[in-house]
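In the text below, chain A, chain B and the rest are named by the order of the sequence lines, each starting its count at 1.
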Amino acid sequence: MEYNFNEIERKWRKYWADHKTFAAEDNSAKPKYYVLDMFPYPSGAGLHVGHPLGYIASDIYARYKRLRGYNVLHPMGYDSFGLPAEQYAIQTGLHPKITTSINIDGCLDENGEIKQEFVNPDGTIKDEALIVKSEHVRITDPNYQDNIIKGYRNQLDKIGFSFDWDREVRTSSPEYYKWTQWIFKQIFNSWYNVKTDKAESIDSLIAEFEKNGNAEVKAVSEFANTFTAQEWKNYSEKEQSDILMEYRLAYLADSWVNWCPALGTVLANDEVINGLSERGGHPVEQKLMRQWSMRIKAYAERLLTGLETVDWTDAIKDMQRNWIGKSVGASVNFPLWRGNEGEDAFDSAQAPDHSIEVFTTRPDTIFGVSFMVLAPEHPLVDEITTAEYKDAIEAYKTAASLKSERDRQADVKNITGQFTGAYAIHPFSGEKIPVWIGDYVLASYGTGAVMAVPCGDQRDWDFATHFNIPIKNIFENVDISEGAYSEKEGTIANSDFLSGLPIKKAMAVAIAKIEEQGLGKGKTNYRLRDAIFSRQRYWGEPFPVYYKNEIPYLVDDAHLPVELPEVDKYLPTEDGEPPLARAEKSAWKYSEGDRMEYNTMPGWAGSSFYFLRYMDPHNENEFVSKEKADYWNQVDLYIGGSEHATGHLLYSRFWCKFLYDRGYISFDEPFKKMINQGMILGTSALVYVLKVEFLKSINNSKDWKLESGLEIVIPESIALKIKNSEFKSDDYKYLIDNLNKVEISESFNSKKFDLEQYVIDQESIRKENLRSSHINVSLINSSNEYLIEELVSWSTIMFEDMVFVPNTFGKYTVHNEVEKMSKSKFNVQTPDELVEKFGADTLRMYEMFLGPLEQTKPWDTKGINGVHNFLRKLWRLFYSEGNVIVTNEPAGKESLKTLHKTIKKVEEDLERFSFNTNVSNLMICVNELTEQKCHSKEVLEQLVILLAPYAPHAAEELWSEALGNPAGTVSTAAFPKFDPEMLVEANTVYPVSFNGKMRFNAELPTAFSAKEVEDAVLAMPEAQKWLEGKAPKKVIVVPGKIVNMVV
RNA sequence: GCGGAUGUGGUGAAAUUGGUAGACACGCUAGACUUAGGAUCUAGUGCCGAGAGGUGUGCGGGUUCGAGUCCCUCCAUCCGCACCA
């Protein structure tokens, strides 16, 4: 039997599917283990080799846990709502659900032929079936299959994952989003009780309002008014609804949102990167809109402390801590000075009726305050600005509002601000403090106002220095003439009751005094903002909400799911309403009230609880039964990318805590352990393109006339010279000479260029005219060369009109760059072709063999042969010339030692997720057994089990065919038991070193004591050679390990 | 600026607690074999040196009998956050 991997793998994939080998049991005497992958968004481009990396690791671990006797839940599904399907829908009118199903299920039938429904009558393949749309492919093209969407499921299946496919979920299916809507309803119907520190039913709040009003209520809410029970009862329904909205955990509010005009939607903070949308890179602006939000701020502290209980990397934990951004300090009120201009003394008759509340993390520096700064958007600005400064303030505000968030951030170095003419009163010293506005103060953080302490904060220092505001030094023996002192070590001075106190003590004393005098209170602030939950898009979950008289109401559970209505177009309406506003009332399967909610939920809604739905995916009455949630409990191992650190991973923790508070599940952290797989980078191929101007000689004279430009592809060496401004006349000559040698393409000639009459304008050979352009990596050979004809036919539009200059060896080569794999960089490697060539088992092992899972690593197929050859070598332990050569004879001592050494290492390495070293453990084992000519069933059977998680198809085949076991059972066989006795040796080889340098090995009886080892080694002639006859100063013997002599 | 991670042969990497640095593979060199196969087998491969030997884990220092591993200073690369009071 040959190692015919294609056939073997097909056979076992079918076997597993037919026998549901990997179905998880909901009730089992076995201990449970939940291994989860971050489910993918199914894009038409399909999987590249980077995607399955994490899936392979989790699959190996899941298979390992099954061998260890666990009942393993290892599901897979699709995060199938999202932008690309919708954007394709906008362009083509094709319903996103069709695109989505194509991307998942693909366009090929069981025999690998294209399904008829995707072929036009004229033999061309429909656009929606193609990876690159609008590239006309005919079914008669020999390689037409390379261009059509194979579907995630097909691609995943070929890699041999042990998913329990009966539990698949798709967030865009109504059966699934019914529960997304249901959970939204629960969040809407909850408030956060600070007294119990958890979410509670809104009914308990209403009951309290009816009984006592809101005086005693301590909730996470911005609502500042108080009302009595009687007042509550007298409120209209609308008023009651509005008040409750201030308490609900899912609420409607006018909020400043990240509005992306190009996408026509609102984005969450984590979807905005440097002022541009994460998807598409479009500009994002701030806009005030009525939006659904989630009161995630209520959970800020618990999201922070919960991190202590999970086994995640510090990198991710720190990102979340950073994002939550807790800072402890105090809020302090600075009364406004209401005296007349020119009056210095505080006049109690003109008592201040306003004060400015600031948040500070440094209450100890309060006596260092020499001015205050408000954000330009601060609501008090207009009120306090004096007549004299009105115009200047208006001008500054306008300028600030015109600056986008991005500009404001980019412009950190520029210090700007404007005095308002108003003063505040220092709460302790009574001094007059000028009030400024400045855009370094953010309206959205803290109170939007700061007390400026230039001696202790660099930004305040810069501001004070720039505007010549006095700087008061309140630190003992610290020089602040060159900059602020922001350390938290030292002693406070010039500060009344704080003078002489160490900084840390002074903080506590200052807060106590502030509270005692009623000037403010100790306070903790979080950078985390409530999460906007509305999107103005079609392809998302509809809200289970309708409006009657502008009051939002929830749709009754009996009518869930509220299904997406059909619309004529997937664009906003002319009035700027979201696409759902296009739906006629009749288009809604269910509608009520004046209108339904037109927004849809964001992408993170469906992904925030999918790990719970897998536990009970077909339950029609609950999103998960309590019983099953209790059984499966937390995800034991979660594998996925770190790019979700502040998105999905934060939101799902939030929902999990919420569901825990409301009693639906009994754990409040979803993912017990998480591993973040590193990115696999692709090798890109780039050519340098130089845009040059040509000069034309007029009538063959010395007069030159500038002609239109031309792009030439130049060799890297020349490009680098241009880049570094080292381009010399020799290089120019080289270009000209070689340009003339080039066989000018037809199109070039068609422009009637006659090179004899043209010269390149040297002026145009500049860095600015040089760019590099990605070309498809499949166009280059192993020496990085490409053929011009192939390049031009690959992208006619780009390269048709170009002239190519070879390098000094006459070759056309590309420049390599290692970067993220992406369609636009043409450096994508798909797993399919590798599976075809080497088999899934080889691909699985090779991806693991590349390096540590967490590490970013470049993809390189060169090494794949090594892994493939390993499997072939393994095969030869079982088969020779087509015959099984496994024997029942007992194995030799050496072979047993090899086996048990391997069992130990495989187990240890799997437990610490060191998949790469485990591949080499298996290689070493096979190398040794081959050398030992071991064909003993006793050993090989155990080896096959060790191998099964990595190369499951090959393992199954060897298990049943070569070893004669019943089919399929290697997946549920028992993991071999390590026997330490097998490794015991009579002798131990001691490396003997002198002054720490290893010189020779000494083989000595294992039973020797340290003293015996020392004596034996000293007696050796080699030792005497290194000691040069002298006695060693000291001898260190670590029994079983090493001998070191100090000379 | 803050936080995190990483730095080891020509390449991917290994060395789990301080104990023979470079396992395992790729590549390369030389050879063998053959039904020419992305085959198999043998030997070699950090660097310098003919050899003895010397030297070597980003740089510099320290602790230790012994440091890739622990401590300090610095450098480089990558990732995240960034006027957060």
Side-chain angles (χ1 to χ4, degrees), chain A residues 273-274 313-323 325-327 329 358-362 365 372-373 375 408-409 411-415 438-442 444-453 456-460 462-463 486 525-528 642-643 645-646 676 678-679 681 837-838 846 849-852 854-870 872-873 876 905 908-909 911-912 914 916-924 927 930 989-1001 1032-1038 1040-1047:
Chain A
I273 290 158
N274 290 332
T313 61
D314 287 339
I316 299 278
K317 285 187 181 184
D318 279 333
M319 271 189 237
Q320 291 212 346
R321 288 192 190 108
N322 217 313
W323 193 255
K326 178 180 184 173
S327 42
V358 300
F359 174 72
T360 177
T361 54
R362 295 295 301 275
T365 63
M372 300 183 78
V373 187
R408 234 163 115 160
Q409 283 170 10
D411 206 17
V412 175
K413 298 258 149 45
N414 249 330
I415 298 160
D439 65 7
Y440 82 95
V441 177
L442 305 176
S444 54
Y445 182 76
T447 60
V450 301
M451 58 176 224
V453 182
D457 182 292
Q458 192 56 43
R459 290 155 307 170
D460 297 345
D462 292 339
F463 195 90
S486 53
N525 242 320
Y526 299 92
R527 199 187 72 112
L528 182 73
S642 57
E643 67 272 20
T646 51
N676 308 106
M679 211 189 333
L681 303 175
K837 245 181 181 168
F838 299 101
Y846 185 57
F849 192 56
L850 274 180
E854 282 111 319
Q855 197 170 297
T856 304
K857 38 200 176 283
W859 179 257
D860 175 12
T861 37
K862 282 192 195 118
I864 201 165
N865 269 321
V867 172
H868 190 63
N869 290 341
F870 155 75
R872 299 172 62 109
K873 192 166 183 178
R876 289 198 296 274
K905 293 198 110 182
E908 282 170 358
D909 284 1
E911 291 295 345
R912 66 190 175 104
S914 180
N916 55 327
T917 52
N918 239 344
V919 176
S920 78
N921 291 335
L922 293 167
M923 286 175 169
I924 293 167
N927 288 347
T930 302
V989 177
Y990 280 90
V992 180
S993 50
F994 294 79
N995 292 335
K997 286 195 176 73
M998 212 290 274
R999 296 302 180 182
F1000 65 93
N1001 283 320
K1033 283 189 192 141
K1034 195 172 173 187
V1035 180
I1036 291 110
V1037 176
V1038 184
K1041 283 237 161 123
I1042 198 168
V1043 177
N1044 188 24
M1045 305 210 184
V1046 189
V1047 201

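If you take CE of A:Met679 and P of B:rU6, they are 16 Å apart, rounded to a whole angstrom. Following rounding to the nearest Å, A:Trp859 (CH2) and B:rA13 (C1') show an atom-to-atom distance of 15 Å. Atom-to-atom, CH2 of A:Trp323 to C1' of B:rG4 comes out at 16 Å; the value is rounded to the nearest Å. Rounded to whole angstrom, the span from the OH atom of A:Tyr445 across to the C1' atom of B:rA82 amounts to 13 Å. Taking atom CG of A:Asn676 as the reference point, atom P of B:rU6 lies 13 Å away to the nearest angstrom. The nearest whole Å value for the distance from the NE2 atom in A:His868 to the P atom in B:rC26 is 13 Å. Summarising the geometry, the separation between CG on A:Asn995 and C1' on B:rU20 is reported as 16 Å, rounded to the nearest angstrom. What separates NZ of A:Lys857 from P of B:rA5 is a distance of 18 Å, to the nearest Å.
OP1 or OP2 of B:rA13 lies within a sub-4.0 Å distance of a side-chain N or O belonging to A:Gln855. Here A:Arg459 does not reach the OP1 or OP2 of B:rA82: none of its side-chain N or O atoms lies under 4.0 Å away. A close approach under 4.0 Å does occur between a side-chain nitrogen or oxygen of A:Arg527 and OP1 or OP2 of B:rA82. Side-chain nitrogen and oxygen atoms of A:Asn927 include none within less than 4.0 Å of the OP1 or OP2 phosphate oxygen of B:rC24.
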| query | How does each nucleotide of nucleotides 28-41 of chain B score, in 5' to 3' order, for protein heavy atoms under 4.0 Å: base (B), sugar-phosphate only (S), or none (-)? | reply | ----------BSSS

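The distance from the CE atom of A:Met319 to the OG1 atom of A:Thr313 is 7.0 Å, given to the nearest 0.5 Å. A:Ile316 contributes atom CD1, which lies 9.0 Å from atom OG1 of A:Thr646 (distance to the nearest 0.5 angstrom). The line from CD1 of A:Ile1042 to CE of A:Met998 is 8.5 Å long, rounded to the nearest 0.5 Å.
Comparing B:rG4, B:rC24, B:rA85 by their closest approach to the side chain of A:Asp314 singles out B:rG4. Set against B:rC65, B:rA23, B:rG12, the side chain of A:Lys1034 has B:rC65 as its closest nucleotide. If you check B:rU20, B:rA85, B:rA25 against the side chain of A:Met998, the one that comes closest is B:rU20. Distance from the side chain of A:Asn1001 is smallest to B:rU20 among B:rU20, B:rC24, B:rG4. The side chain of A:Tyr440 sits closest to B:rC83 out of B:rG4, B:rA85, B:rC83. Checking B:rG54, B:rA23, B:rG80 against the side-chain heavy atoms of A:Arg999 singles out B:rG54 as nearest.
Taking the nucleotide of RNA chain B with the nearest heavy atom to each of A:Met923 and A:Val1046, the more 5' of the two is matched to A:Met923. Nearer to the 5' terminus of RNA chain B, by closest-nucleotide assignment, is the contact made by A:Gly863 (compared with the other of A:Gly863 and A:Tyr526).
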| How would RNA chain B look in dot-bracket form, 5' to 3', counting Watson-Crick and G-U wobble pairs with both distances under 3.5 Å and writing | for bases paired to another strand? | (((((((..(((......[....)))((((((.......))))))(((....)))..(.(((..]....))).))))))))....

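Rounded to a whole angstrom, the distance from the P atom of B:rG46 to that of B:rA21 is 14 Å.
Looking at A:Arg321 and A:Asp318, a side-chain N of the basic residue comes within less than 4.0 Å of a carboxylate O on the acidic one, giving a salt bridge.
Residues A:Arg362 and A:Thr360 meet the side-chain proximity criterion, which asks for heavy atoms closer than 4.5 Å. Here the side chains of A:Thr917 and A:Arg912 are in contact, with some heavy-atom distance below 4.5 Å. Taking the side chain as every heavy atom from C-beta outward, A:Asp460 and A:Met451 never approach each other to under 4.5 Å. Under the 4.5 Å side-chain criterion, counting only non-hydrogen atoms from C-beta, A:Glu643 is not in contact with A:Asn676. Within the 4.5 Å cutoff, the side chain of A:Val1046 has heavy atoms near those of the A:Asn995 side chain.
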Polar atoms only, N or O, under 3.5 Å: list the protein pairs with nucleotides 16-19 of chain B and their distances.
residue	atom	partner	partner atom	Å
B:rU16	O4	A:Glu908	OE1	3.0

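Nucleic acid contact for A:Pro852: sugar-phosphate only, since backbone atoms but no base atoms lie under 4.0 Å from a heavy atom of the residue. Counting any heavy atom pair closer than 4.0 Å across all strands shown, A:Asn916 reaches sugar-phosphate atoms only and no base atom.
Using modelled atom types and a 3.5 Å distance limit, the side chains of A:Asn927 and A:Lys873 yield a donor-acceptor pair.
A:Trp859 and A:Tyr846 have perpendicular rings, their planes meeting at more than 60° on a 0 to 90° scale where under 30° would count as parallel. In this structure, A:Phe463 and A:Tyr440 have tilted ring planes: the angle between them lies in the 30° to 60° band.
Checking side-chain atoms of A:Asp457 against main-chain N and O of A:Val453 turns up no donor-acceptor pair under 3.5 Å.
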